[in-house]
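In what follows, a single structure is set out as structure tokens and then discussed.
Residue numbering restarts at 1 for every chain, and letters A, B, ... go by the order of the sequence lines.
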Protein chains: 2
Amino acid sequence: MTEPTTRRDPETVSRFVEHFAAQLVEAGVPRMPARVFAALLASDTGTLTSAELGEQLRISPAAVSGAVRYLAQVHLVSREREPGSRRERYRVHSDQWYEALTNREAIIKRWEDALREGVTSLGADTPAGRRLAETLDFFEFIEQDVAGMMGRWRTYREQKYGGA
Amino acid sequence: MTEPTTRRDPETVSRFVEHFAAQLVEAGVPRMPARVFAALLASDTGTLTSAELGEQLRISPAAVSGAVRYLAQVHLVSREREPGSRRERYRVHSDQWYEALTNREAIIKRWEDALREGVTSLGADTPAGRRLAETLDFFEFIEQDVAGMMGRWRTYREQKYGGA
DNA sequence: CCTTAACTTCACAAATTTCTGAAGGAAGCG
DNA sequence: CGCTTCCTTCAGAAATTTGTGAAGTTAAGG
């Protein structure tokens with residue numbers, strides 16, 4: 001028999017990790033990055049080493065490496081070198097990843113570029129051109145408003161969780 | 001030599017369609033749905049038949065069928081039966097697709113469920129539990145705020161484009 | 001400076017996804 | 001009521017993606 005209400009029972013943690021990762025996968029995140037991210041989110045310190053990730057998720061060092069590269073690229077995790085060691089720690093910063101979520105910005109920007117080009121090439125005075133122009137307008141509106149939304153969140157958060 | 005500034009020059013249209021579709025693909029949309037959607041967006045009436053789509057994109061009827069099913073499922077296009085014909089028209093409604101974009105709701109809901117479960121199973125008083133709880137809080141906040149954002153867009157839009 | 005630990009890169013095998021051609025319905029039209 | 005048109009479904013070929021083992025790179029520690 002295990003302890004009554006085991007804290008950090010590996011199986012309980014694993015169940016959450018896999019379940020949450022599955023949701024991310026369904027939203028379009030590649031499997032390995034999703035699992036690594038979920039594992040970090042469920043860790044006590046918010047950091048794990050490559051070795052810990054590999055062991056916990058039963059994946060090769062290569063898979064960890066690939067997943068972390070992906071996550072770092074989209075700013076969902078940061079990498080830290082432990083001073084005086086070859087070990088690296090990967091960390092999920094709450095603030096950081098909220099921002100990343102709304103930072104589809106780069107993507108939106110390219111959508112906007114493509115739309116602008118479309119308006120020009122199809123003609124701003126054609127029905128199709130007008131449709132594209134309005135769509136472009138929508139994105140520009142959203143983009144601007146999302147910034148405000150994040151501001152409101154930070155305010156709300158500080159009040160509730162007590163600032164920095 | 002073709003006309004000076006040809007309206008709806010197929011090649012010009014095609015260039016936009018493929019370029020915009022490529023951006024969607026990069027954002028995670030499957031290729032065929034992306035191309036079909038872009039083609040509809042660039043059409044003058046905002047509607048195309050299955051045959052027109054197949055010809056314009058050089059894809060089989062089966063591919064059109066699959067793409068449309070996908071797009072309809074995520075509410076990016078609607079299907080209309082031409083009365084007295086076996087032909088179907090597929091349409092992109094501007095309003096409709098803006099809403100769909102922000103309607104990651106179903107997905108977010110499941111994320112929230114998974115997070116709630118995590119808070120409970122890992123313990124609300126553990127560091128990991130607290131992290132999950134704050135994340136959950138963020139999503140709940142956003143979800144609520146996005147509704148407001150869409151409201152502001154509709155207001156802005158009516159003013160600019162002159163209402164329904 | 002040599003050894004060794006830790007991560008990364010690369011080539012390939014396996015699994016998954018994507019698109020097609022062909023066969024199978026539904027619905028207008030005679 | 002049968003013919004025809006248009007769409008869908010399905011099995012499978014082709015392409016893409018994913019994860020691994022093995023070799024390579026960097027830097028700590030003796």
**Request:** Name the orientation class of the two ring planes belonging to B:Trp153 and B:Tyr156 (parallel below 30°, tilted from 30 to 60°, perpendicular beyond 60°).
**Result:** tilted
Using a strict cut-off of less than 4.0 Å between a Lys/Arg side-chain nitrogen and an Asp/Glu carboxylate oxygen, indicate whether [X] and [Y] qualify as a salt bridge.
X	Y	answer
B:Arg157	A:Glu134	yes
A:Glu82	A:Arg87	no
B:Lys109	B:Glu143	yes
A:Asp137	A:Arg116	no
A:Glu26	B:Arg110	yes
B:Arg91	B:Glu80	yes

**Message:** Please check if the number of heavy atoms outside A:Glu18 that lie under 6.0 Å from its CD is greater than 12.
**Reply:** yes
**Item:** A:Glu88 CD to C:dA6 P, straight-line distance once rounded to whole Å
**Value:** 12 Å
**Prompt:** What is the distance from CZ of A:Arg87 to C1' of C:dA5, rounded to the nearest Å?
**Reply:** 9 Å
**Prompt:** Are A:Ser65 and C:dC7 close enough that a side-chain N or O sits under 4.0 Å from OP1 or OP2?
**Reply:** no
**Prompt:** Looking only at side-chain N and O atoms, does A:Arg79 come under 4.0 Å of OP1 or OP2 in C:dC7?
**Reply:** no
**DNA chain D: 5'-most and 3'-most nucleotides touching chain A, 4.0 angstrom heavy-atom criterion** = D:dG19 to D:dG29
**Asked** How does protein contact run along nucleotides 16-30 of chain C, one letter per nucleotide 5' to 3', with B for base contact, S for sugar-phosphate only, - for none, heavy atoms under 4.0 Å?
**Response** ---SBB-----BBS-
